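For reference, the structure discussed in these notes is given below.
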Amino acid sequence: MPEIKIKGGKRLSGELCIQGAKNSVLPVLAGTLLCDGECIVHNCPEISDVDISLKILNFLGCGCKREGNTVRVDTSGMNNDEIPDSLMREMRSSVVFLGAILGRTGKAVISNPGGCELGPRPIDIHLSSLEKMGVSIKEEHGLLYCTAENGLKGADIYLSFPSVGATENIILAAALAKGKTVIHNAAREPEISDLADFLNSAGARIYGCGSDYIEVYGVERLNSTQHTIIPDRIVAATYMAAAAVTGGDITLCNVMPSHMVSTLSVFRESGCIIDPHGKSIVFKSPERLKRVPTVRSLVYPGFPTDAGPIIIAMLTVANGTSVFVENIFESRYKYTDELKRFGAKIKTEGKVAVVEGVERLSATAGKCTDLRGGAALILAALAAEGESEIGEIQHILRGYEDITGNLLRIGADIKLD
Ligand code: EPZ
């Protein structure tokens, strides 16, 4: 696997268009399984998590065609309801295909995705919700055999935690189920509303997404449809932070400022000037970033956990000490050991990371531990004096389309080597 090489200290400036949201396109691609015929998905990012999703759809017997940022999925040939362990292992979030396969065929076999680099990530909420909809689930040798003998039926479901994936899986299973499904304490992320918009454009009856109370009235069938994926709010935050750590300024187009209120407020607190205009943001960084006393990750519309590594990397060069509290995942600080190799002063204890800002980071060789942790290393390398090398970049390529090309376009001295 190649490495990313960066000569830091260059001020970034220019304009970037933001890719479609990874965490929206994955459930939408799963949702195509519920539609008859061919669906067309626009603004689909060219990232490896999408490649894996298309591999899964192919394995299930669907025809998939990618034309740049447009993907066509024809599910008329679907002839399988099992996702092989190899593909499940490649992408933990493939669990979101479970609800769609069940919704289409009434049965599914997947391997238990288990934990990941962010800590144990059970799917107990997914499974208990699907059982309420009439699915029986047997686990044997790490495989989950799921069947809905009499078809899926609507249910009244309360989520013990507003899980994004579980909310999506229930919506996907409920769209063609018999009767009404209600989700109490549902996740409110914009990606869930995007999934509902896609399914409703195909004839589904899903109401209340964006709130914690969602109703789905099952319908007989869904037609083929076209859909454009919303912009990726975490990728947008990443490029803003890249400008911020280099004292630069950028204009982002194809963004949704209304999806980023909590994130923009933290950038403003650190002294950045943010001017949202419709679907673009004009971003200017201060001479020196200010510390942000406390940032807490929360479920939407709180500060997004995925932007945690991005903000922490940015605050390593702020003036003063900032505190970050990670409330969503159990161990999301592995990447901070790599940040310390750049000279960052970070102490972590359980959910808390204390970041003491330094004047300047110094170039080094770092290794990505996960997707957003990898993006944090790129930010550190952009801020550091000298040439850095970043390895294990497959983590970054899962969620960032052409990150080296984009950073090059706004003045970074960066190459894939
Ligand atoms: C989605 O993951 C995103 N992934 C994550 O983005 C994001 O960090 C997360 O939501 C929170 O916003 C995709 O959408 C593909 P959860 P998901 O279910 O659905 C616990 C990125 O960087 N939990 O809301 O897996 C779980 O262990 C990725 O793009 C259970 O205990 O998140 C975790 O601690 C990383 N049981 C917490 O809830 C369950 O059945 C949040 O999980 C489900 C979840």
Side-chain angles (χ1 to χ4, degrees), residues 21-24 26-27 49 88-96 112-129 159-169 185-192 212 232-235 237-238 241 259-260 262-263 266 292 294-316 322-340 344 346-355 367-379 392 394-396 398-400:
K22 167 180 86 77
N23 293 346
S24 173
L26 299 182
D49 268 11
M88 285 295 295
R89 284 179 188 281
E90 275 194 69
M91 183 176 75
R92 186 195 173 280
S93 37
S94 29
V95 68
V96 79
N112 207 328
C116 71
E117 57 278 348
L118 306 182
R121 281 170 73 185
I123 56 170
D124 54 317
I125 303 172
H126 298 242
L127 302 182
S128 59
S129 303
L159 298 186
S160 54
F161 175 85
S163 154
V164 172
T167 303
E168 291 163 348
N169 250 332
N185 196 29
R188 300 167 53 186
E189 275 68 3
E191 293 76 24
I192 291 169
D212 60 1
D232 194 309
R233 56 199 168 100
I234 308 301
V235 169
T238 306
H259 292 168
M260 303 178 67
S262 53
T263 311
V266 171
V292 178
T294 306
V295 186
R296 290 180 183 80
S297 69
L298 292 168
V299 294
Y300 193 87
F303 185 88
T305 172
D306 295 345
I310 308 305
I311 288 296
I312 285 176
M314 182 180 87
L315 294 172
T316 59
S322 309
V323 175
F324 191 90
V325 185
E326 169 55 44
N327 292 308
I328 304 294
F329 288 110
E330 285 189 10
S331 58
R332 188 156 202 172
Y333 289 134
K334 281 198 190 92
Y335 66 94
T336 57
D337 289 337
E338 293 296 312
L339 280 182
K340 288 181 215 170
I346 304 174
K347 282 200 193 69
T348 62
E349 177 76 38
K351 307 198 310 182
V352 179
V354 178
V355 185
K367 277 193 174 15
C368 302
T369 54
D370 63 275
L371 167 58
R372 307 302 175 186
L377 299 191
I378 287 191
L379 297 174
E392 302 300 317
Q394 67 278 10
H395 291 287
I396 298 177
R398 282 189 42 218
Y400 287 88

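Residue numbers start at 1 and run along the sequence shown. From a predicted model like this one, the values you see are computed outputs, not experimental measurements.
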Calculate, to the nearest 0.5 Å, the distance between atoms [atom1] and [atom2] belonging to [X] and [Y] respectively.
X	Y	atom1	atom2	answer
N23	I234	CG	CD1	7.5 Å
L339	T348	CG	OG1	11.0 Å
L298	I328	CG	CD1	6.5 Å
L26	E168	CG	CD	8.5 Å
R372	I396	CZ	CD1	10.5 Å
F161	T167	CZ	OG1	9.5 Å

Minimum heavy-atom distance between [X] and [Y], given as atom pair plus value:
X	Y	value
L159	A186	CD1-CA, 4.1 Å
A187	S163	CB-O, 3.7 Å
G308	F303	N-CE2, 3.8 Å
E117	K334	O-NZ, 3.0 Å
P304	T263	CD-OG1, 3.4 Å
A375	T238	CB-CG2, 4.1 Å

E338: what forms a salt bridge (charged side-chain N to carboxylate O under 4.0 Å, His left out) with it, not counting sequence neighbours? R341
Evaluate the side-chain proximity of [Y] to [X]: yes if any heavy-atom separation is below 4.5 Å, no if none is.
X	Y	answer
L371	Y400	yes
V295	S322	no
S262	Y300	no
R121	P113	no

Taking K22's backbone N and O only, do any of them form a donor-acceptor pair with D232's side chain (distance below 3.5 Å, no angle check)? yes
Between S24 (side chain) and A21 (backbone), is there a donor-acceptor pair under 3.5 Å? no
Please check if atom NZ in K367 has more than 12 non-hydrogen atoms from other residues, nucleotides or ligands closer than 6.0 Å. no
Exceeds 12 heavy-atom contacts within 6.0 angstrom, atom CD of E330: no
Electrostatic pair R188-D212, nearest N-O below 4.0 angstrom: no
salt_bridge(R332, D306) N-O dist < 4.0 Å: yes
Side chain to side chain donor-acceptor pair (under 3.5 Å) filter on N169, not counting sequence neighbours, yields H126
Which residues satisfy the side chain to side chain donor-acceptor pair (under 3.5 Å) test with K351, sequence neighbours excluded? N327
Before you tell me yes or no, could you show the steps for I312 and Y335 under side-chain contact (heavy atoms from CB on, under 4.5 Å), namely the whole-Å CA-CA distance, both residues' side-chain angles and the distance that decides it to 0.1 Å? CA-CA 10 Å; I312 285 176; Y335 66 94; 3.3 Å; yes
Would E392 and T369 count as having a side-chain donor-acceptor pair, cut-off 3.5 Å? no
